[in-house]
There are 2 protein chains.
Amino acid sequence: MTVAAALTKNQSLVLDTLAASQTPLSAYAILDALRPEGLRAPLQVYRALEKLQERGLVHRIESLNAFVACGHPHCQETEMIAFAICERCGTVDEFAEEKVVEGLSLWAERHAFTIQKAAIEIRGICSDCSRPAA
Amino acid sequence: MTVAAALTKNQSLVLDTLAASQTPLSAYAILDALRPEGLRAPLQVYRALEKLQERGLVHRIESLNAFVACGHPHCQETEMIAFAICERCGTVDEFAEEKVVEGLSLWAERHAFTIQKAAIEIRGICSDCSRPAA
DNA sequence: GATTGTAATGTAATACTATTACATATGATC
DNA sequence: GATCATATGTAATAGTATTACATTACAATC
Ligand SMILES: [Zn+2]
Ligand SMILES: [Zn+2]
Ligand SMILES: [Zn+2]
Ligand SMILES: [Zn+2]
């Protein structure tokens with residue numbers, strides 16, 4: 001039984017930056033946030049992001065070209081995670097909905113399509129933002 | 001009762017290019033294809049794409065930064081269309097799966113999230129490409 | 001048919017996102 | 001300490017999208 005290797009310095013920096021953010025960050029936003037720590041080139045960020053995604057610690061939001069720290073407790077239990085993105089405040093909610101997974105799996109089965117990964121992203125207004133102003 | 005305005009020259013050029021393609025095309029690929037017709041700048045393509053998307057004649061594939069002509073007969077009947085993208089041959093299948101829509105709507109309802117649009121994209125291997133070589 | 005308002009177009013410049021290529025360093029294993 | 005794999009550093013470049021401004025086309029109105 002192997003133990004997961006520790007995160008490297010750059011990986012930790014990137015993950016911490018994402019975890020501290022309320023909203024998704026672009027690779028370049030991460031880079032700018034980490035310039036004080038000595039990062040200088042986009043590739044340093046992209047490489048860290050790649051490793052973090054492989055471990056499931058970070059997700060890419062395709063419709064934003066941006067990244068978020070994993071915020072779902074059971075993320076490893078399903079391959080198909082969905083994201084709800086608020087257009088107003090930018091927050092992202094990560095969730096797994098069995099019915100969605102079933103629906104996509106069903107279609108795939110019927111059409112002999114082998115799913116490798118999925119991007120499921122809904123955009124709209126979150127509950128906080130649709131509440132009448134206090 | 002208003003009649004939908006006819007497509008403009010650039011819009012027609014872009015739509016025809018997409019319709020003739022077996023796979024999604026990037027905006028710049030479209031531009032290159034249309035240089036012989038006189039197009040010169042990215043914006044000419046992006047503007048046409050924007051109008052075509054408003055009409056539902058073209059969809060953007062978020063995970064590819066590319067565009068496809070609408071290939072779904074009932075596309076107007078639901079707001080939530082899904083795409084199956086083959087990693088091998090690049091073809092895109094557009095489909096609506098009721099269970100997926102229900103699942104996402106259900107989550108949205110429970111969390112008071114107002115859905116404005118959705119991007120549902122599965123990546124994998126299509127039936128043609130997974131068949132043993134003939 | 002001149003005037004006006006709107007939508008579409010043309011062009012240039014710039015901003016944003018991501019990858020390729022190559023050099024160097026670090027740390028474990030033998 | 002030689003070797004190998006992984007992580008880093010840096011520069012250059014490729015790919016995607018938008019801002020800003022000038023011009024043209026065209027229908028509606030006067
Ligand atoms: Zn997650
Ligand atoms: Zn919100
Ligand atoms: Zn469609
Ligand atoms: Zn295929």
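All heavy atoms count here, side chains included; hydrogens, waters and symmetry mates do not. A note on names: the letters A, B, ... follow the listed sequences, proteins ahead of strands, and every chain is numbered from 1.
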Fill in the blank from the handout: The salt bridge (Lys or Arg N to Asp or Glu O under 4.0 Å) partners of A:K99 (sequence neighbours excluded) come to B:E102
Atom pairs, N/O to N/O, protein against nucleotides 16-22 of chain C, distance under 3.5 Å?
from, atom 1, to, atom 2, distance (Å)
C:dA18, OP1, A:R60, NH1, 2.9
C:dA18, OP1, A:R60, NH2, 2.5
C:dA18, OP2, A:Y46, OH, 2.9
C:dA18, O5', A:Y46, OH, 3.3
C:dA18, N7, A:Y28, OH, 2.6
C:dA18, N6, A:Y28, OH, 3.2

Practice task
Using five base pairs at each end, measure the axis-to-axis angle across the helix from C:dG1-D:dC30 to C:dC30-D:dG1 and round it to 10 degrees.
Solution key: 20°
Problem - ILVMFWY cluster membership beyond A:F113 - transitive side-chain contacts under 4.5 angstrom - result: A:M80, A:F95, A:V100, A:V101, A:L104, A:W107, A:I115, A:I120, A:I122, B:M80, B:F95, B:V100, B:V101, B:L104, B:W107, B:F113, B:I115, B:I120, B:I122
Exercise for the section: Would you mind listing every salt bridge (Lys or Arg N to Asp or Glu O under 4.0 Å) that reaches into residues 19-48 of chain B, with sequence neighbours excluded? Expected result: B:D32-B:R35
Exercise for the section: Could you state whether B:V45 and B:L57 fall into the same hydrophobic cluster, counting links through intermediate Ile, Leu, Val, Met, Phe, Trp or Tyr residues with side-chain heavy atoms under 4.5 angstrom apart? Expected result: yes
Handout entry: Spacing between B:L13 atom CG and C:dG10 atom C1', to the nearest angstrom
Key = 15 Å
Handout entry: Euclidean distance, atom CD of residue A:E37 to atom P of D:dT8 [Å, nearest integer]
Key = 14 Å
Fill in the blank from the handout: When rounded to whole Å, the CD to C1' distance for the pair A:E50 and D:dT8 reads 14 Å
Problem - Candidate nucleotides D:dT10, C:dG10, C:dT11, ranked by approach to the side chain of B:R40 - the nearest - result: C:dT11
Completion exercise
Separation of D:dT6 atom P from A:R55 atom CZ, nearest Å, is 13 Å
Exercise for the section: Could you note down all residue pairs passing salt bridge (Lys or Arg N to Asp or Glu O under 4.0 Å) where residues 6-27 of chain B supplies at least one of them, sequence neighbours left out? Expected result: none
Handout entry: Side-chain cluster (under 4.5 Å, hydrophobic types only) that A:L106 belongs to, other residues
Key = none
Handout entry: Set of salt bridge (Lys or Arg N to Asp or Glu O under 4.0 Å) partners for B:E97, sequence neighbours left out
Key = A:R110
Exercise for the section: Could you state the atom-to-atom distance from CD of A:Q11 to C1' of D:dT6 in whole Å? Expected result: 10 Å
Exercise for the section: Please state how far atom CG in B:L31 lies from atom C1' in C:dA12, giving the value in whole angstrom units. Expected result: 14 Å
Exercise for the section: Answer yes or no: does a side-chain N or O of A:Q44 lie under 4.0 Å from OP1 or OP2 of D:dG9? Expected result: yes
Exercise for the section: May I ask you to evaluate whether B:K51 reaches the phosphate of C:dA8, defined as a side-chain N or O under 4.0 Å from OP1 or OP2? Expected result: yes
Please report, to 0.1 Å, the donor-acceptor pairs under 3.5 Å made by any side chain of residues 85-93 of chain B, with sequence neighbours excluded.
from, atom 1, to, atom 2, distance (Å)
B:E87, OE1, B:R123, NH2, 3.3
B:E87, OE2, B:R123, NE, 3.1
B:R88, NH1, B:C129, O, 3.1

Practice task
Starting from C1' on D:dT10, measure out to CG on A:N10 and report it in whole angstrom.
Solution key: 13 Å
Problem - Interatomic distance where NZ belongs to B:K9 and P belongs to D:dT24 [whole Å] - result: 14 Å
Completion exercise
Scanning both residues in full, the closest heavy-atom pair of B:A66 with B:P24 reads CB-CB, 3.7 Å
